[in-house]
Number of protein chains: 2
Amino acid sequence: MKNILRMTHQRELILEELGNCHNHPTADALYERIKKKLPRISLATVYRNLEILSEAGMIRKLEISGRQKRFDKEVEQHDHIFCVQCRRIDDIKFDQSRIISLEEDQSQGYKISGCRIEFFGICSKCQAKNKKIQKNEKDCTEGCTGDCIKDNAKKSSKKKSKRKKRKLNERQRKVLEVLATSDNICVNRDIAAATSLDPKQISCQLTALKKKGFITSPIRCQYKITKAGKAAL
Amino acid sequence: MKNILRMTHQRELILEELGNCHNHPTADALYERIKKKLPRISLATVYRNLEILSEAGMIRKLEISGRQKRFDKEVEQHDHIFCVQCRRIDDIKFDQSRIISLEEDQSQGYKISGCRIEFFGICSKCQAKNKKIQKNEKDCTEGCTGDCIKDNAKKSSKKKSKRKKRKLNERQRKVLEVLATSDNICVNRDIAAATSLDPKQISCQLTALKKKGFITSPIRCQYKITKAGKAAL
DNA sequence: TCTTGACACGGTAATGATTCTCAATTACTT
DNA sequence: AAGTAATTGAGAATCATTACCGTGTCAAGA
Ligand SMILES: [Mn+2]
Ligand SMILES: [Mn+2]
Ligand SMILES: [Zn+2]
Ligand SMILES: [Zn+2]
C-alpha cells in the first residue's frame, strides 16, 4: 500500500541532472542532456519521473505562463521572474504571507491555500543586446516598436524547439519563381500570364506568401520578392 | 497595409457571447455556446477571433496555470483566484504597483514590466460540498487526504472535455473475471491457475487494473475487485 | 462598372507537449 | 534466491492550438 520510490538508474540520473541545471529546464531539455549519459532512455521516462518526483516533493513543477512546464530543483517556496524576450527564468524571493493575509479579507469565500507571483520584464542581457541593435540599426524601413521584440521571442522559442517548416506548395513556388526572375515589381496580371494560373488563385497565394515574409507589397497590388523569399526557393 | 478589423457576424457573436459569460471561458466552451446560435461556425474561427480580439485589446487572453487558455471580457488589469477543486476562476482586484515597486530593488537587472498574481484555494461551494461529503462518508477505507480532492478535480475536468476511455484488453478481462467470480481475496497464483496465463503477465495486468481503479490490494499480493471493476465487466 | 486584393470564413491537416499502453525488465521484500 | 510490484522503452494516443487552403465578401481604385 505504501508507495515506495525505487531508486532506478534513470530516476537517479534525472534527479542529478536537474540538480546541475541552474536554469529551470523543460522536460525536453532535460531529456536531451540525459540522453548523453544514457542514450536509450525514453522521453516518457523523463516525463514520468519528473511527475513522480514532484509529486513526492523532491523537485518542483513550475507552471509559468506559456506552454511547456519547467522543473526546479529548489523545493523551497519561491517565485519567478522571466524575460519576455529570451524566455529565461530566474528566481525571486518574496514574502507571500503578507500579500496573502492582505487578500484574505476580500477572498469571496475562498479558503486560500497559496499564490503564485510571476514577474516579467526584460533581463539585463537582452537590454544590453537591444541597445546595441538600436545603435547599429539605420536601415529600419518601418517603425520598430515593441512588436519586433515580441516577434523575436516568438521566433527564437520556435526555432529552439524545432526547425520552422516553411514549405511552399506547388502554386506558391510558381508565383515565387516568377517574382524571382523578374527584376521589377509585379502585379497579379503579370504573374497570371507567366504561370497560367487562375488570378484568384494567385491572389490567395500572394496573401500566404506575404504572411510568410517571402514577398512584400511596397505599393498596393504590386509585389516584390524578399531575401527570405529567395532563400526559400 | 492598415489593419482594419471587419466586424463580421462571427466576430460580433464571439464578442457578445464572451460578454455574457461571467466565468472565464475556454475557447472550446465558447465555441459550444456559439454553435447554438450559429451552428456552422468553425472552431478555428473562434480561436482565430479570440486571438485577433485580444491582440486588438478588446478582450484579454489569460494564461492561468493549466492547459487551456481562458478568455476574459474585462480588459482592465486585474488578477485571478481559482479553485483547485472545481477549477472555477474568479476575479480579484489587487494593487500591483506596490508589490512591483517593492520588487524593483532586488530585480537582478531585470526591467520589470509587470507581474501576474494568481491565488488558489477552495471556493465556498466546494467547501460546503466537502463538508457534506465528510459527514456522509463512513466507509472510507483509506485515509482521504488532499489527494482525493485533486483526483476529483482531474477526473471531472477530463470527463468534461471527453468521455474517459476505460477499455480492457483480453488479459485484463480474464483476470478481472476471475476476481469477480471469487468472493475472497485472490493472490497471483490463484489467478494463474484459473486463467492459465503466465504469472508474469498477471502481475503486469494487476498493476494496470489497480491503476484504473478496478481492483484494490488490501494486503500486499492480494487483490479484490472494486465496484468500478464490476461495472467495467 | 469592373478589378483587385485584404480580410475572413469553414473544414481539415498538422503540430507540439504530454500522457497512456503494454510486454519486458528490474529492484525491493521476504 | 524467489516472488512480485514498480518501472522501463518504444510508440500510439490525446488534447489544445495553429496552419493551410480554397472560397467568399467587401471596399477602394482604375
Ligand atoms: Mn526556481
Ligand atoms: Mn477576470
Ligand atoms: Zn532576456
Ligand atoms: Zn470550487
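Numbered from 1 within each chain, the chains take letters A, B, ... in sequence-line order. Being a predicted model, the structure only gives us computed values, none of them experimental.
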Trainee: Using whole Å, what does the distance between atom C1' of nucleotide dT26(C) and atom CZ of R40(A) come to?
Mentor: 15 Å
Trainee: In whole Å, I'd like the distance from the CZ atom of R87(B) to the P atom of dA16(D).
Mentor: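 Nearest whole value for this atom pair: 12 Å.
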Trainee: Out of Q68(B), E32(B), K69(B), which one pairs with T26(B) under the side chain to side chain contact (heavy atoms under 4.5 Å, CB included) rule?
Mentor: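 Among Q68(B), E32(B), K69(B), the one meeting side chain to side chain contact (heavy atoms under 4.5 Å, CB included) with T26(B) is Q68(B).
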Trainee: As a test of reading the structure: which of dT18(C), dG10(C), dT8(D) is closest to the side chain of N49(A), going by heavy atoms?
Mentor: dT8(D)
Trainee: Donor-acceptor check, side chain of S113(B) to backbone of F120(A), threshold 3.5 angstrom: yes or no?
Mentor: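 Between the backbone of F120(A) and the side chain of S113(B) there is a qualifying donor-acceptor contact (under 3.5 Å).
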Trainee: So which one's nearest nucleotide on DNA chain C is more toward 5', I52(B) or R67(A)?
Mentor: I52(B)
Trainee: Mind calculating the distance between NZ (K69(A)) and P (dA16(D)) to the nearest angstrom?
Mentor: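 After rounding, the gap between these two atoms is 12 Å.
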Trainee: Side chains of D90(B) and H24(B): any donor to acceptor distance under 3.5 Å?
Mentor: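 No, because no side-chain N or O of H24(B) sits under 3.5 Å from a partner of the opposite role on D90(B).
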Trainee: Please list, by residue number, the residues of residues 8-21 of chain B whose heavy atoms come closer than 4.0 Å to an atom of DNA chain C; answer none if no residue qualifies.
Mentor: T8(B), Q10(B), R11(B)
Trainee: Within a radius of less than 6.0 Å around CZ of R116(B), do more than 12 heavy atoms belonging to other residues, nucleotides or ligands occur?
Mentor: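 Atom CZ in R116(B) is crowded, with more than 12 foreign heavy atoms closer than 6.0 Å.
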Trainee: Are any of Y223(B)'s side-chain N or O atoms less than 4.0 Å away from OP1 or OP2 of dA5(D)?
Mentor: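 Yes, such a contact exists.
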Trainee: So what does I41(B) touch, heavy atoms closer than 4.0 Å: a base, only the sugar-phosphate, or nothing?
Mentor: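 Sugar-phosphate, no base atom in range.
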Trainee: Does K210(B) place a side-chain N or O at less than 4.0 Å from the phosphate oxygens OP1/OP2 of dA6(D)?
Mentor: yes
Trainee: Nearest heavy atom decides the nucleotide; on that basis, is Q222(B) or A27(B) closer to the 5' end of DNA chain D?
Mentor: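 Residue closer to the 5' terminus by nearest nucleotide: Q222(B).
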Trainee: For DNA chain D, whose closest nucleotide is more 5', that of A208(A) or that of L43(B)?
Mentor: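 Whichever sits nearer the 5' end wins; that is L43(B).
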Trainee: Taking any heavy-atom pair under 4.0 Å as a contact, classify Y31(A): base, sugar-phosphate, or nothing.
Mentor: nothing
Trainee: Over how many whole Å does the gap from Q68(B) atom CD to dA17(C) atom P extend?
Mentor: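 Rounded to the whole Å, the gap is 17 Å.
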Trainee: With H78(B), which residues qualify under ring pair (Phe, Tyr, Trp, His ring centres under 6.0 Å), at least two apart?
Mentor: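 Only H80(B) meet the ring pair (Phe, Tyr, Trp, His ring centres under 6.0 Å) criterion with H78(B).
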Trainee: Are any of T45(A)'s side-chain N or O atoms less than 4.0 Å away from OP1 or OP2 of dG9(D)?
Mentor: yes
Trainee: If you check the A44(B) side chain, which of dC21(D), dT7(D), dA19(D) turns out closest?
Mentor: dA19(D)
Trainee: Does a side chain donor of either R11(A) or T8(A) reach within less than 3.5 Å of an acceptor in the other side chain?
Mentor: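 No, no side-chain donor-acceptor contact under 3.5 Å.
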Trainee: Choose from dC7(C), dT19(C), dG22(D) the nucleotide whose nearest atom is closest to any side-chain atom of R6(B).
Mentor: dC7(C)
Trainee: Could you tell me the separation between the CG atom of L30(B) and the P atom of dT17(D), rounded to a whole number of Å?
Mentor: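 Checked: the CG to P distance equals 12 Å.
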Trainee: Just how far, in rounded Å, is C1' of dA16(D) from CG of L50(B)?
Mentor: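 In whole Å, dA16(D) C1' and L50(B) CG are 13 Å from each other.
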Trainee: Of the nucleotides dT19(C), dG11(C), dA27(C), which one has an atom closest to the side chain of Y47(A)?
Mentor: dT19(C)
Trainee: Report the distance from atom CG of L206(A) to atom C1' of dT3(C), rounded to the nearest whole Å.
Mentor: 15 Å
Trainee: Stepwise, does the side chain to side chain contact (heavy atoms under 4.5 Å, CB included) test hold for L176(B) with Q205(B)?
Mentor: CA-CA 9 Å; L176(B) 206 52; Q205(B) 304 313 326; over 6 Å; no
Trainee: Is the shortest side-chain N to carboxylate O distance from E63(B) to R70(B) below 4.0 Å?
Mentor: no
Trainee: For R48(B) and Q205(B), find the nucleotide of DNA chain C closest to each by heavy atoms; which residue's nucleotide sits nearer the 5' end?
Mentor: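 Mapping each residue to its closest nucleotide by heavy atoms, the 5'-most match is R48(B).
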Trainee: Please state how far atom CD1 in I34(B) lies from atom P in dG10(C), giving the value in whole angstrom units.
Mentor: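 I34(B) atom CD1 is separated from dG10(C) atom P by 11 Å.
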